[in-house]
S.K.: 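After the structure tokens below, expect a handful of questions from me.
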Amino acid sequence: MVDLRTLHVIGRGAGCHLRLEQPEVSSLHAALKWSGGGWELRDLGSRNGTWLDERRIPAGDHRPVAVGAFLAFGRADLRWRMVSDAAPPARAFPCDGGPARTEIGGVLSLPTPALSEILLFRDETGTWCLESAQGLRAVADERGVLAGGQYWDLDLPDLDSRTPPQSAASASVCELHLSFRVSPDEEHVALTAVYQGVAFPMEARAHNYLLLTLARRRLADRARAPTDVHNHGWMLVTELQRLLRVEETALNLMIFRIRKQFAERGFRQAQHVVERRRGTGLLRIGQSALSIERS
């Protein structure tokens with residue numbers, strides 16, 4: 001079984017992602033590429049040819065590859081089978097070797113999920129963004145992203161243009177109503193996500209208080225200026241640090257854990273639970289449908 005990168009090069013050369021030792025295979029033989037709507041196979045000018053379902057592909061041609069298709073490189077009788085046409089996950093590969101990091105629920109954390117110096121996710125337009133202590137910026141595949149004292153190569157797939165089936169559990173976080181129930185001493189914060197009348201109780205976590213703080217600001221701004229929706233809820237990171245009495249690294253870790261919690265429940269676009277305004281040091285809770293009750 002081979003986990004494909006967004007551009008997966010096949011051949012005998014040392015730089016190939018799938019290295020085949022057969023002498024009939026060229027150094028740079030062929031490539032499989034994720035196009036955003038499926039996989040394409042291309043022969044890279046190999047000496048002995050590339051086959052798709054027993055048909056040789058002309059050098060340089062792109063051919064779509066469906067589930068169940070057979071591929072062969074250099075020899076038509078040594079075949080590989082395409083077992084899935086799903087989009088590849090976002091991954092980061094350490095430049096000095098070692099295991100790759102893979103996205104969780106659309107969020108890729110570096111250097112580890114527990115120590116998130118960098119977060120990568122798609123914004124509402126499908127563009128990959130990199131979030132760090134320096135702010136938020138758009139990003140494509142890059143080499144040499146520094147996190148955890150080492151450099152990482154990013155492998156970020158284009159957005160899958162095929163529409164997946166929807167269900168309550170696959171709702172976007174932007175469609176949720178978040179309901180908070182707070183104990184009188186504010187030691188306990190219960191959180192429930194509601195989608196189309198279906199309640200999804202979230203586990204009690206320490207970071208729920210961060211979400212509660214952001215929810216209170218958004219509700220207060222709405223009460224003061226109901227029509228200024230674009231500016232509701234924004235808080236400076238430094239203000240949150242002061243209120244919660246945490247360092248910025250700890251605050252970033254809480255934000256990652258919040259997004260991870262929603263992603264693990266199956267909600268899409270988990271990065272929007274907490275949003276950042278690019279280049280300002282501001283963040284807010286991403287949901288406008290909010291309620292807070294005392295327990």
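Predicted model, so just to flag it, every value in this text is computed and none were measured.
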S.K.: Is any side-chain heavy atom of S295 less than 4.5 Å from a side-chain heavy atom of H188?
M.R.: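 Not touching, per the 4.5 Å side-chain cut-off.
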
S.K.: Please walk me through it: do F267 and F200 pass ring pair (Phe, Tyr, Trp, His ring centres under 6.0 Å)?
M.R.: CA-CA 10 Å; F267 297 118; F200 298 87; 5.3 Å; yes

S.K.: N208 side chain to V189 main-chain N or O, any donor-acceptor pair under 3.5 Å?
M.R.: yes

S.K.: So which of E131, E103, E264, E275 actually passes salt bridge (Lys or Arg N to Asp or Glu O under 4.0 Å) with R259?
M.R.: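 Exactly one pass, corresponding to E131.
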
S.K.: To the closest 0.5 Å, what do you measure between CZ (R19) and CZ (R12)?
M.R.: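 The CZ atom of R12 is 9.5 Å from CZ of R19, to the nearest 0.5 Å.
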
S.K.: When you measure from the side chain of R265 to the backbone N and O of P201, does any donor-acceptor pair fall under 3.5 Å?
M.R.: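 Yes, the answer is positive, given that a donor and an acceptor are paired below the 3.5 Å cut-off.
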
S.K.: Taking all non-hydrogen atoms of both residues into account, name the closest pair between N48 and E24 and its distance.
M.R.: ND2-O, 2.8 Å

S.K.: Could you go through L108 and L119, starting from their C-alpha distance and side-chain angles, then the distance that decides it, and tell me whether this counts as side chain to side chain contact (heavy atoms under 4.5 Å, CB included)?
M.R.: CA-CA 6 Å; L108 176 59; L119 295 177; over 6 Å; no

S.K.: Which one of L32, T50, I10 satisfies the side-chain contact (heavy atoms from CB on, under 4.5 Å) criterion with L71?
M.R.: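 Of the listed residues L32, T50, I10, the side-chain contact (heavy atoms from CB on, under 4.5 Å) partner of L71 is L32.
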
S.K.: Search all heavy atoms of R75 against all heavy atoms of W51 and return the closest pair with its distance.
M.R.: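 Minimum heavy-atom contact is N-CZ3, 3.8 Å.
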
S.K.: Taking only Lys NZ, Arg NE, NH1 and NH2, and the carboxylate oxygens of Asp or Glu, determine whether R224 and D221 approach each other closer than 4.0 Å.
M.R.: yes

S.K.: Are the side chain of D155 and the backbone of T6 linked by a donor-acceptor contact shorter than 3.5 Å?
M.R.: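 Yes; judged by distance alone, with no hydrogens or angles, the pair exists.
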
S.K.: Report the C-alpha separation of L253 and V246 in whole Å, then their side-chain angles, then the decisive distance to 0.1 Å, and conclude whether the side chain to side chain contact (heavy atoms under 4.5 Å, CB included) test is met.
M.R.: CA-CA 11 Å; L253 180 57; V246 296; over 6 Å; no

S.K.: Would a distance-only check, ignoring hydrogens and angles, find a side-chain to backbone donor-acceptor pair under 3.5 Å from Q261 to E203?
M.R.: yes

S.K.: Answer yes or no: is there a side-chain heavy-atom contact under 4.5 Å between R217 and E239?
M.R.: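 Yes. Closest side-chain heavy atoms under 4.5 Å.
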
S.K.: Has the side chain of E117 got a donor or acceptor atom that lies under 3.5 Å from a matching backbone atom of P111?
M.R.: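 Between the backbone of P111 and the side chain of E117 there is no qualifying donor-acceptor contact (under 3.5 Å).
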
S.K.: Between F256 and S109, what is the shortest heavy-atom contact and its length?
M.R.: CE1-CB, 3.3 Å

S.K.: Do other residues, nucleotides or ligands put more than 12 heavy atoms under 6.0 Å from F93 CZ?
M.R.: yes

S.K.: Could you pull out the closest heavy-atom pair between L290 and F180, with the gap in Å?
M.R.: CD2-CE1, 4.3 Å

S.K.: Distance from H29 atom NE2 to D43 atom CG, nearest 0.5 Å?
M.R.: 5.5 Å

S.K.: Quick one: does any side-chain atom of R284 pair with a main-chain N or O of H232 as donor and acceptor, under 3.5 Å?
M.R.: yes

S.K.: Looking at S46 and S26, would you say the former's side chain and the latter's main chain have a donor-acceptor pair under 3.5 Å?
M.R.: no

S.K.: Check the surroundings of atom CZ in R245: do more than 12 heavy atoms from other residues, nucleotides or ligands lie under 6.0 Å from it?
M.R.: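 Counting neighbours around CZ of R245, 12 or fewer heavy atoms of other residues, nucleotides or ligands fall under 6.0 Å, so no.
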
S.K.: Indicate the atoms forming the closest heavy-atom contact of F73 with V25, along with that distance.
M.R.: O-CG2, 3.5 Å

S.K.: Is the backbone of D158 close enough, under 3.5 Å, to the side chain of W34 for a donor and an acceptor to pair up by distance?
M.R.: yes

S.K.: Out of curiosity, R79 CZ to L52 CG, how far, rounded to the nearest 0.5 Å?
M.R.: 11.5 Å

S.K.: Where is the tightest heavy-atom contact between T192 and A199, given as atom of each residue plus distance?
M.R.: CG2-CB, 3.8 Å

S.K.: Salt bridge check, R216 against E186: does any charged N sit closer than 4.0 Å to a carboxylate O?
M.R.: yes

S.K.: Would you check if the side chain of R42 reaches a backbone N or O of A31 as a donor-acceptor pair within less than 3.5 Å?
M.R.: no

